[in-house]
Amino acid sequence: MTPVTPGMMTPSGVTPTGHKAMAMATPTPGHMMAMTPEQLQAWRWEKEIDERNRPLSDDDLESMFPPGYKVLQPPAGYVPIRTPARKLTATPTPMSTTTGFYIQTEDKQTKFVDLQPKGNLPLLKPEDAQYFDKLLVDVDEESLPPEEQKERKIMKLLLKIKNGTPPMRKAALRQVTDKAREFGAGPLFNQILPLLMSPTLEDQERHLLVKVIDRVLYKLDDLVRPYVHKILVVIEPLLIDEDYYARVEGREIISNLAKAAGLATMISTMRPDIDNIDEYVRNTTARAFAVVASALGIPSLLPFLKAVCRSKKSWQARHTGIKIVQQIAILMGCAILPHLRSLVEIIEHGLVDEQQKVRTITALALAALAEAATPYGIESFDSVLKPLWKGIRTHRGKGLAAFLKAIGYLIPLMDAEYANYYTREVMIILIREFQSPDEEMKKIVLKVVKQCCATDGVESQYIKDEILPPFFKHFWNHRMALDRRNYRQLVDTTVEIANKTGACEIVTRIVDDLKDENEAYRKMVMETLEKVLTNLGASDIDSRLEEQLIDGILYAFQEQTTEDVVMLNGFGAIVNALGKRVKPYLPQICGTILWRLNNKSAKVRQQAADLISRTAVVMKTCQEEKLMGHLGVVLYEYLGEEYPEVLGSILGALKAIVNVIGMHKMTPPIKDLLPRLTPILKNRHEKANILLIFQVQENCIDLVGRIADRGAEYVSAREWMRICFELLELLKAHKKAIRRAAVNTFGYIAKAIGPHDVLATLLNNLRVQERQNRVCTTVAIAIVSETCSPFTVLPGLMNEYRVPELNVQNGVLKSLSFMFEYIGEMGKDYIYAVTPLLEDALMDRDLVHRQTACAAIKHMALGVYGFGCEDALVHLLNHVWPNIFETSPHLVQAFFDCADGLRVALGPQRMLQYSLQGLFHPARKVREVYWKVYNTLYVGGQDALVPGFPRVPNDPKNQYVRYEMDYIL
């Protein structure tokens, strides 16, 4: 029993934990009486654990082990650790801590903060360390050998290009380009190529490194030859990359490499890869050769291709050679036409090659050549028509698919008579292959049928009798609807057949499938009907078929499980195609729409509202204004919709109804509708998707704009002003369409309530900080001045210029610029009024003032050309001209634009007089800019300059004067 000391009694009501508990005595039975049930439970548990964990005695061990074991004596001098403090600290989890054990993650970021290169270099990413590790070692660069110095220099420049800020990158790129020959091809490519192969390289970084290679290749020129193979190994895989831009960049580098290294080097480098046993290598090599052909011209590569395609040594070489021709056709398109006959002659023997793969690639190459040459060049293919026709009778599987593809592209090139004959011949094989289970074969067969049916010589009756029955039997089934690529091809082929046979023939065969139990199949039918009726109209559809159509589309529309745009588009297109004939069915259609507008699913409600937008015009044609009025009231009641995507569609539907029914007949009346729209303009739907908010705002502004344009009198001026303030907020919108709609609406409102109040609101908005907001405001002011005549706006606008604030003054000048752009020749009445203001702006120290004033003068000059305002324009030109020596890019551009505008208004001779004074100035900077002005004059008015050139007097030896001009003048 552990003795109990008075100082170690448990304080009542508090159970000690941690070290205190460990140092306490075991309670005696007397103490147990005073224990709470929880403490008693804990004591029992602790006692049981102690019992289980007690050390084993010698007797216990003897009973556990079999005979033959003996106790070993401990080594001399061994002292066991018996200090209690050591035991306590060795406990894995102290009782006072609540957190458990966890694996610590290595923080790479903090690790790499220390491992950063010294000097003015960008931060090194963790994955970059293996390429730029030498920059982490701080060394005295002067003491290094020249090769290492060069290596470090290149490394620093590449790091700046890869990870630096735009100015740093620009400077480094220029330095690498300028010093490319000094650095040498070896050191440069030894560092750039490993970087390009990095698996962690981002698209932007790859783009920058491609840029470096491009510029370096241009500078190094023929020095790059020893490294062509290394570069190709890295760049060729880009040609088959999934990313389109990676492929473009790969082609760009190989093209520049071919120009730098020359054809001989490219061929000698890539020749071994042509018959490589690895198909991946042969594929990339073929693509690379196609790029070389596009860079250096097809004729230069033809002798080599001829030799490769006739190679006796290996079928792989022949295969690659023919694939090069295929890739050239795909890459260069119609640019192959001058060389078409040569290319066909090079590969034609491949159609009868003993190797199946060579025959297949030859047919595919011919298909690519025919596609690129469309609609010309059938005479170049004369020699291959016979082997192709033999081939489709002897081949099966992939080979047959390739041969059919080639014939499919050749038939559209033929004359009508031949096309008809060959179509009938090939159709026997195609109809046989309709039942092929191979998906790839199905796709090619559909494509060829489409091409044959689109050709002029093929008669409608032949298609109806021979093609349609097996076509619908084998292709119009559920399986085709499930495979996306086959689905698309089947729809396109059916639409092409309908173009030949007429809509009725196709619609009759598939209309009942609108009630099929398979939804994917119903969608395929709906999409086909939509395209057929949009192309051909519904004139040949009889009343029975019309009933079936309406019944089918209503069923398909109501039975959707996933709301899809295909059904919506199909329904809208069919109703619009039938036009007036839909009148008897409109109550039923509107009943369906109203029922679905009340559905609990947001998608269903949205689709119903979208359908109203699609069918509003037809309802108007059928004179169902009462029905539309009822729909308008229902939509008005749904303006409290909580889902932004549904609200956007409801607003779109209201807009469609307002458009066709007119303001005066609209129910609810406009005076009730507009106040409900104002809160929607304000509402930002914080939790909603940003794109959906845009849709709501755009539809709402469009509707408000339409009301302001056509029914402004139904709403009070105060309400319009309130809307003006809301529209100011929308000038900050990210989407351009919303800003444009808001700006146009200002014009409509100004027209309705007069410009003064609207102008005051807009001028006040020029004081804000946001540039985009100010620019939109200036456009709105210009539109107001155009709609309400400039004289209503100009006094207030020019008065605002007196405010001594840069933003306001620049805004006024920009408004003038847009205004003169919009009002055109009306500017002749206002040019003298604004001349003093522009004069002041052109003398301002601020660059932007002068830049915007130049833009305003350009538009003004173009507008008043031929109206006798030359005196004001010459006066303004005298203020514009001193800006000729400015270096700010924007102001330089504005000056040249202005000079061009003034050339039109004042004539090139007047501008020539200004430019002659600096053309032969001793200072190069002066000459450069003056010649630039002269060149634009020459381009714009070369003939008009002749009378302005100075006369060169005759001297005793030479006759310079041309008297004929004097006679004319």
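Along the sequence shown, residues are numbered consecutively beginning with 1. Any value given below was found using the heavy atoms of this structure, including those in side chains, with hydrogens, waters and symmetry copies removed.
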[X] versus [Y], closest heavy-atom pair with distance:
X: Leu514; Y: Leu549; result: CD1-O, 4.2 Å
X: Ile346; Y: Cys309; result: CG2-SG, 3.6 Å
X: Val448; Y: Gly408; result: CG1-CA, 3.9 Å
X: Asp275; Y: Gln316; result: CA-CB, 3.9 Å
X: Ile347; Y: Ala365; result: CD1-CB, 3.8 Å
X: Glu530; Y: Ala573; result: CG-CB, 3.4 Å

Working to the nearest 0.5 angstrom, can you tell me the gap between [X] [atom1] and [Y] [atom2]?
X: Arg484; Y: Gln489; atom1: CZ; atom2: CD; value: 13.0 Å
X: Met567; Y: Thr562; atom1: CE; atom2: OG1; value: 8.5 Å
X: Leu410; Y: Ile378; atom1: CG; atom2: CD1; value: 5.0 Å
X: Ile213; Y: Leu220; atom1: CD1; atom2: CG; value: 11.0 Å
X: Tyr421; Y: Ile411; atom1: OH; atom2: CD1; value: 11.5 Å
X: Glu496; Y: Gln451; atom1: CD; atom2: CD; value: 9.5 Å

In terms of side-chain geometry, is the basic nitrogen of [X] or [Y] positioned less than 4.0 Å from the acidic oxygen of its partner?
X: Lys398; Y: Asp438; result: no
X: Glu527; Y: Lys531; result: yes
X: Asp243; Y: Arg206; result: yes
X: Glu459; Y: Arg424; result: yes

With side chains defined as the heavy atoms from C-beta onward, is the minimum distance between [X] and [Y] less than 4.5 Å?
X: Gln326; Y: Ile330; value: yes
X: Val575; Y: Leu611; value: no
X: Leu490; Y: Trp476; value: yes
X: Glu236; Y: Arg287; value: no
X: Asn190; Y: Lys230; value: yes
X: Leu232; Y: Thr285; value: no
X: Met524; Y: Asp516; value: no
X: Ile431; Y: Phe434; value: yes

Review point. Step by step, would you call Leu296 with Leu301 a side chain to side chain contact (heavy atoms under 4.5 Å, CB included)?
Key: CA-CA 8 Å; Leu296 303 177; Leu301 213 62; over 6 Å; no
**Study point:** Axial cation check for Tyr244 ring with Arg247, 6.0 Å and 45° limits
**Key:** no
Check your understanding: Stepwise, does the side chain to side chain contact (heavy atoms under 4.5 Å, CB included) test hold for Phe471 with Thr494?
Key -> CA-CA 9 Å; Phe471 177 79; Thr494 311; 3.7 Å; yes
Point to revise | Those residues that, when tested against Ser342, pass side-chain contact (heavy atoms from CB on, under 4.5 Å) (two or more places apart) | key: Leu302
Point to revise | Residues forming a ring pair (Phe, Tyr, Trp, His ring centres under 6.0 Å) with Tyr521, sequence neighbours excluded | key: His478
Short side-chain to backbone donor-acceptor contact, [X] and [Y], under 3.5 Å:
X: Glu205; Y: Glu202; answer: yes
X: His319; Y: Trp315; answer: no
X: Arg581; Y: Ala538; answer: yes
X: Arg282; Y: Asn276; answer: yes
X: Lys500; Y: Thr455; answer: yes
X: Arg522; Y: Glu559; answer: yes
X: Ser198; Y: Pro194; answer: no
X: Asp214; Y: Leu217; answer: no
X: Arg359; Y: Glu354; answer: yes
X: Asp551; Y: Glu547; answer: no

Check your understanding: Given the rule in the side chain to side chain contact (heavy atoms under 4.5 Å, CB included) test, do Leu239 and Gln327 qualify, once you have shown the distances and angles that lead to the verdict?
Key -> CA-CA 11 Å; Leu239 296 175; Gln327 291 301 326; over 6 Å; no
For atom [atom1] of [X], is the number of surrounding heavy atoms from other residues, nucleotides or ligands below 6.0 Å larger than 12?
X: Glu417; atom1: CD; result: no
X: Lys405; atom1: NZ; result: no
X: Tyr418; atom1: OH; result: no
X: Lys357; atom1: NZ; result: no
X: Lys450; atom1: NZ; result: yes
X: Lys464; atom1: NZ; result: yes
X: Tyr555; atom1: OH; result: yes
X: Asp456; atom1: CG; result: no

Exercise for review: Ignoring hydrogens and angles, state whether a donor on the side chain of Gln356 or Thr360 is under 3.5 Å from an acceptor on the partner side chain.
Suggested key: yes
**Study point:** Distance-only donor-acceptor check, side chains Asn283 and Glu279, under 3.5 Å
**Key:** no
Practice item. Could you walk me through whether Leu533 and Ile541 pass side chain to side chain contact (heavy atoms under 4.5 Å, CB included), step by step? Key: CA-CA 10 Å; Leu533 292 174; Ile541 287 176; 3.5 Å; yes
Point to revise | Result of checking Lys603, Lys523, Gln607 against Gln560 for side-chain hydrogen bond (donor to acceptor under 3.5 Å, both in side chains) | key: Gln607
